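Quantities reported herein were computed from a predicted structural model and do not represent experimental measurements. Every chain is numbered from 1, with letters handed out A, B, ... down the list of sequences.
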Amino acid sequence: MASAREMRLRIKSVKNISQVTRALETVSASKVRKAINAVTATRSYATKAWQVLKHVAEQPGRDSLHPLLANRDSVNNTLVVVVTGDRGLAGAYNSNVIRFTAQRFDQNPTPVKYIAVGRKGRDLLIRRRKQVIADFSNLPAAPTFMDVSAIGRLAVGEFLEGKADEVYLVYTDFINMGRQAATVKKLLPLELGGEGRVEDFEHHASNGPVAAYEYEPDQREILDEIIPRFTALQVYQAILESQASEHAARMIAMRNATDNAKELVGALQLAYNKVRQQAITNDILDIVGGAEALAAK
Amino acid sequence: MTIRCEIVSQDRTVFTGDVDIVVLPGAAGEMGVLPRHAPVLTTLKYGIIKVRKGDKEELFTVAGGVAEVQPDIITILADAAENVEEIDVSRAESARKRAEDVLAKGVPADTDTYLAMEAALRRSNLRLDAVRRYRKSSMRMHSSEN
């Protein structure tokens, strides 16, 4: 058994750690609240945008409507946008995303390139010897659409130049404080009615056949404007979801760490008390023994 | 017979309601939308959206975006939008003054500042214009009551 001095030091260091984890927990708790607000605030726009896009895609002859809607006959290159955090200490948050990505894309029949959003994801992808073509780290805490639209533009550019024939988005869906799930969504060519949550929302009243649109200015110009923007919007939404998830994951992880530290301090304190008591008992026995030896004389 | 109108900007829902007519700044000019309008998809310019229900009229500024018109619903996806009543006139005025001062000194050297200032000027002009129109129309309504 360790000496009383060593145990005292140990107890002190565990207490210090628990203070740090508790502070991190509080910080994350306030950040997660803000992040949830941001997600819910943009959700209505994203939902509406998605509906409009869906109506567009229901138009006759969608494959010839716009290159970003067209499914390609042969897929030679795949591009994956992976959204993770910049920091660790968030439980399994970052590694879950990467593990999920590996499961989904390691057996991919075509070569896969990655765009990393978040420093942790970039490092983990590079360690696994993946081809990372771009890296967006150190995003601001509450990014605006402008801050992240470059990511969407890059993905659209790669797709249009033919460097990628399909683009996927891997991010962490925020379900609730206790549950976040790594999710994959096909970004390009736009897949409507596929995965994702947005389209579960109510479809508006007119469910009949959609009449052909009139376009102002012309069809090409307007689709050129809205489809890339909506694609970027999907990325934006995914980043907000991921940030909420990250803060929630960190909060839970830190709460667990604080609880564990408390438990550990309790156990250590008990052991320390025993050692201390043992030492006192020994001392008393020594004194009593000495006194008796003297009295016997 | 009314048409449902939904105005959403990137960070919130600005307006939802059933209305009689919506006038919006389409790419090809002002466009009035009544119920049972043919489906249209149009981009929006900087401008003012007018929404009327009965004799109640509401104005919104919009900084570009997209509008989707269906016979029973019109969805406006604005890059930024706000109700005229939310506009802080003195702030808009000082923003315009600031932008004008910077631009009056000649074209700023770096393009970013120039673009930012130009956008600020456009935005504040739009806001002030909207407020002016709003006041005029509410005054008109006011005088007709008397």
Side-chain angles (χ1 to χ4, degrees), chain A residues 34 37-59 65-66 142-149 201-230 232-234 236-237 240, chain B residues 1-18 22-33 35-47 62-82 112 115-116 119-120 123:
Chain A
K34 270 183 217 151
N37 284 344
V39 170
T40 38
T42 51
R43 219 174 249 164
S44 69
Y45 186 92
T47 313
K48 295 285 165 217
W50 192 255
Q51 270 177 12
V52 171
L53 214 50
K54 221 171 149 181
H55 295 159
V56 171
E58 281 163 8
Q59 303 275 306
L65 214 51
H66 193 275
T144 62
F145 184 60
M146 288 302 158
D147 291 330
V148 302
S149 62
F201 280 70
E202 29 82 66
H203 194 67
H204 74 75
S206 69
N207 262 327
V210 185
Y213 278 120
E214 271 174 53
Y215 293 92
E216 267 180 44
D218 58 60
Q219 171 178 333
R220 186 55 200 251
E221 208 168 310
I222 189 166
L223 291 181
D224 266 351
E225 173 159 354
I226 65 171
I227 294 177
R229 172 132 40 112
F230 287 177
L233 191 74
Q234 303 274 322
Y236 179 51
Q237 189 72 15
L240 292 181
Chain B
M1 180 98 203
T2 55
I3 185 166
R4 167 145 282 242
C5 174
E6 291 181 344
I7 304 176
V8 287
S9 69
Q10 255 146 30
D11 49 1
R12 69 201 169 107
T13 303
V14 181
F15 176 82
T16 328
D18 295 317
V22 181
V23 181
L24 42 91
E30 288 261 295
M31 182 169 116
V33 180
R36 308 187 59 177
H37 195 285
V40 175
L41 197 57
T42 177
T43 51
L44 298 178
K45 293 192 287 201
Y46 265 68
V62 57
V66 181
E68 186 212 22
V69 179
Q70 295 277 352
D72 55 351
I73 184 167
I74 165 162
T75 311
I76 295 168
L77 300 167
D79 291 352
E82 62 194 346
D112 280 354
L115 290 177
R123 224 169 23 236

Note to self: Under a 4.5 Å cutoff for heavy-atom pairs, which residue among B:T13, B:V40, B:V66 has the most contacts with chain A?
What the structure shows: B:V40

Notebook entry, point to check: Side chain, backbone, both or neither: which part of B:A38 has a non-hydrogen atom closer than 4.5 Å to chain A?
Noted result: side chain

Note to self: Between B:A78 and chain A, with a heavy-atom cut-off of 4.5 Å, which part of the residue counts as in contact: side chain, backbone, both or neither?
What the structure shows: backbone

Item checked: Region of A:F145 in contact with chain B, defined by heavy-atom distances below 4.5 Å -> side chain

Checklist line | Nearest-0.5 Å distance that lies between atom CD in B:Q10 and atom CG in A:L233 | finding: 6.5 Å

Notebook entry, point to check: Nearest heavy-atom pair of A:S44 and B:V8: which atoms, and what distance?
Noted result: OG-CG1, 4.0 Å

Notebook entry, point to check: How would you list, by chain and number, every residue that makes a side chain to side chain contact (heavy atoms under 4.5 Å, CB included) with B:Y46, sequence neighbours excluded?
Noted result: B:A63, B:R122, B:L126

Margin query: Holding to side chain to side chain donor-acceptor pair (under 3.5 Å), I want the full list of residues that pass it with A:R229, two or more places apart in sequence or in another chain.
Written below: A:E225, B:D79

Note to self: If I take atom CD1 from residue B:I76 and atom NZ from residue A:K48, how far apart are they, to the nearest 0.5 angstrom?
What the structure shows: 12.0 Å

